[in-house]
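Read the numbers this way: they start at 1 and go in the same order the structure lists the ligands and their atoms.
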Amino acid sequence: MPTSNKFPAFTLAAGPTTVSARVLAAQGSPVSYHYDPVFLDRFRTLGELVGQVYGTDNDIILLQGEAVLGLEAAVVNVVRPGMKVINIANGPYGKGMGYWLAGHGAKVIEVETGFREVPTPEMIEEIASAHPDAEALAVVHVETPCGTVAPLKEIGEICRKYGFVSIVDAVASIGGVELRPDEWGLDICVAAPQKCLGGPSGMSLIAVSQAGWDLIEKNPDAPRDSFLSILDWKTKWLEGNKFPYTPSVSDVNGVIAACEQILEEGVDAAVSRHARTAEVCRAGVLAMGLELWPLDSATAANSVTAVKLPDGLNDAQVRDHIRERYGVMISGALGAGDLVRIGHMGETARSLHPIIGLSALGQGLRDLGHDVDIGIGIEVAMKALSDSPNP
Ligand SMILES: *Cc1c(COP(=O)(O)O)cnc(C)c1O
């Protein structure tokens with residue numbers, strides 16, 4: 001248990017991440033009646049902004065619950081008992097998706113690697129060619145607990161080639177890792193504001209293509225008059241300007257501010273900012289003599305760095321020690337293995353944030369009896385930052 005009830009000075013977790021003053025102020029603005037014309041206009045605007053952040057012309061559905069709602073909704077709206085779905089399961093979120101799919105009666109073909117790896121397009125193509133009768137393919141773009149990124153562009157190509165509807169968990173990639181739903185032909189993407197967009201947690205941001213709708217509309221079991229219904233939002237909100245359920249006004253205001261913020265910066269610029277921060281963080285980890293969790297650093301995600309722990313240490317021990325002694329909150333492993341994670345998402349993907357994470361982790365490990373080269377690590381990370389400034 002923490003010895004005080006104060007939040008730490010720095011939160012470098014893998015989401016929810018630090019929220020800017022602008023987002024906080026927006027969340028603190030008056031809570032209006034949801035059918036007030038001003039709010040109706042805001043809600044419509046939010047749909048447009050989310051579409052711009054995604055860079056898609058597909059329909060945007062905004063469900064009023066944290067991203068797990070959107071992911072579960074994607075499953076229950078699509079899956080008919082007996083339908084074949086390919087699921088890429090190289091981490092806890094991919095595994096969880098597989099349990100949902102099977103739980104709703106899908107015949108799941110799982111593409112598995114260990115949690116320290118990412119399946120190659122060749123591996124996925126091989127499974128796709130063995131199961132051309134599959135109707136959908138599910139993939140997690142950034143497996144946050146493992147700090148890995150999947151080759152989504154190539155996966156999109158495979159889905160188009162075989163006619164699979166893709167279901168993409170883009171929660172930890174939107175705004176921080178290149179994501180192009182239209183160019184890559186992605187069908188049902190689920191994202192959230194609380195990771196790289198630096199917004200509040202409490203909303204699922206879903207983009208649905210025509211092929212995605214076709215599959216959902218083919219499903220007699222797709223829920224209606226349910227909190228999990230994507231179709232309710234299509235027919236009632238998109239086609240009728242009526243809310244199936246009352247949105248959280250404060251969250252909507254906060255997510256609008258988060259979207260405006262990233263659109264003013266430019267999504268590509270934000271993606272590049274995340275890439276440079278991740279570069280600094282990884283360079284520091286390696287120079288300290290530590291190992292990245294992803295076995296191939298080319299598969300390391302740019303929104304979070306997962307660091308393998310030295311033998312004999314567990315994630316909760318390291319994370320709690322660092323928070324208590326240095327006031328820096330990093331993330332544990334979420335069951336993915338013996339690792340801790342330094343998040344660089346949204347506001348924390350710039351400036352000295354990775355240096356703070358690295359120094360706290362390095363000294364924390366030293367306090368716990370493991371020798372790491374903190375000085376060299378910080379020097380190398382600062383050199384990377386100086387070569388590619390990220391103010
Ligand atoms: C954060 C995150 C989610 C949202 O789930 P929570 O466990 O509620 O935070 C879903 N998928 C991925 C890949 C995430 O990083």
Side-chain angles (χ1 to χ4, degrees), residues 11-19 50 54 62-76 87-101 111 113 115-116 118-119 137-152 155 166-179 181 186 188-207 227-228 248 251 255 258 274 278 293-294 299-306 315 319 329-337 339-349:
T11 294
L12 303 176
T17 189
T18 308
V19 161
V50 169
Y54 261 118
L62 306 169
L63 295 188
Q64 307 301 301
E66 197 271 337
V68 167
L69 172 69
L71 293 166
E72 189 174 352
V75 171
V76 305
N87 182 47
I88 299 177
N90 63 316
Y93 284 104
K95 279 278 173 199
M97 176 55 82
Y99 298 137
W100 269 331
L101 290 165
V111 185
T113 60
F115 281 9
R116 299 185 69 180
V118 177
L137 179 148
V139 58
V140 180
H141 191 190
V142 168
E143 259 294 356
T144 331
C146 313
T148 53
V149 60
L152 192 54
I155 292 170
S166 50
I167 301 172
V168 181
D169 175 341
V171 175
S173 59
I174 193 168
V177 173
E178 189 183 19
L179 171 69
L186 308 175
I188 303 176
C189 293
V190 180
Q194 79 268 25
K195 306 278 169 91
C196 303
L197 302 182
S201 57
M203 226 188 236
S204 294
L205 319 174
I206 309 178
F227 211 64
L228 283 165
S248 159
D251 279 343
V255 180
H274 283 76
W293 179 257
T299 64
N302 286 340
S303 43
V304 56
T305 295
D315 64 329
R319 181 198 61 196
M329 184 81 212
I330 60 171
S331 285
L334 219 72
L339 64 99
V340 289
R341 295 175 293 153
I342 299 174
H344 21 84
M345 298 180 159
E347 294 293 297
T348 62

Would you list the atom pairs, donor with acceptor, under 3.5 Å between side chains in residues 143-151 and any protein atom, with sequence neighbours excluded?
| unit_1 | atom_1 | unit_2 | atom_2 | d |
| --- | --- | --- | --- | --- |
| E143 | OE1 | Y93 | N | 3.3 |
| E143 | OE2 | Y93 | N | 3.2 |
| E143 | OE2 | G94 | N | 2.6 |

In this structure, which one of V168, L71, D169, I167 forms a side chain to side chain contact (heavy atoms under 4.5 Å, CB included) with V190? L71
Could you list each N/O atom of ligand 1 together with any protein N/O atom closer than 3.5 Å, one pair per line with the distance?
| unit_1 | atom_1 | unit_2 | atom_2 | d |
| --- | --- | --- | --- | --- |
| ligand 1 | 5 (O) | E66 | OE2 | 3.3 |
| ligand 1 | 5 (O) | Y93 | OH | 3.4 |
| ligand 1 | 7 (O) | Y93 | OH | 2.7 |
| ligand 1 | 8 (O) | E66 | OE1 | 2.9 |
| ligand 1 | 8 (O) | E66 | OE2 | 2.9 |
| ligand 1 | 9 (O) | E66 | OE2 | 3.4 |
| ligand 1 | 11 (N) | D169 | OD1 | 3.3 |
| ligand 1 | 11 (N) | D169 | OD2 | 2.7 |
| ligand 1 | 15 (O) | T144 | OG1 | 2.2 |
| ligand 1 | 15 (O) | K195 | NZ | 2.7 |

Listed partners of E72 passing salt bridge (charged side-chain N to carboxylate O under 4.0 Å, His left out), at least two apart: none
Side chain to side chain donor-acceptor pair (under 3.5 Å) test vs S173 passes for just one of E178, K195, H141, namely H141
Check side-chain hydrogen bond (donor to acceptor under 3.5 Å, both in side chains) between E347 and all other residues, then give those that pass, not counting sequence neighbours. none
Minimum side-chain heavy-atom gap I174-L197 below 4.5 Å: yes
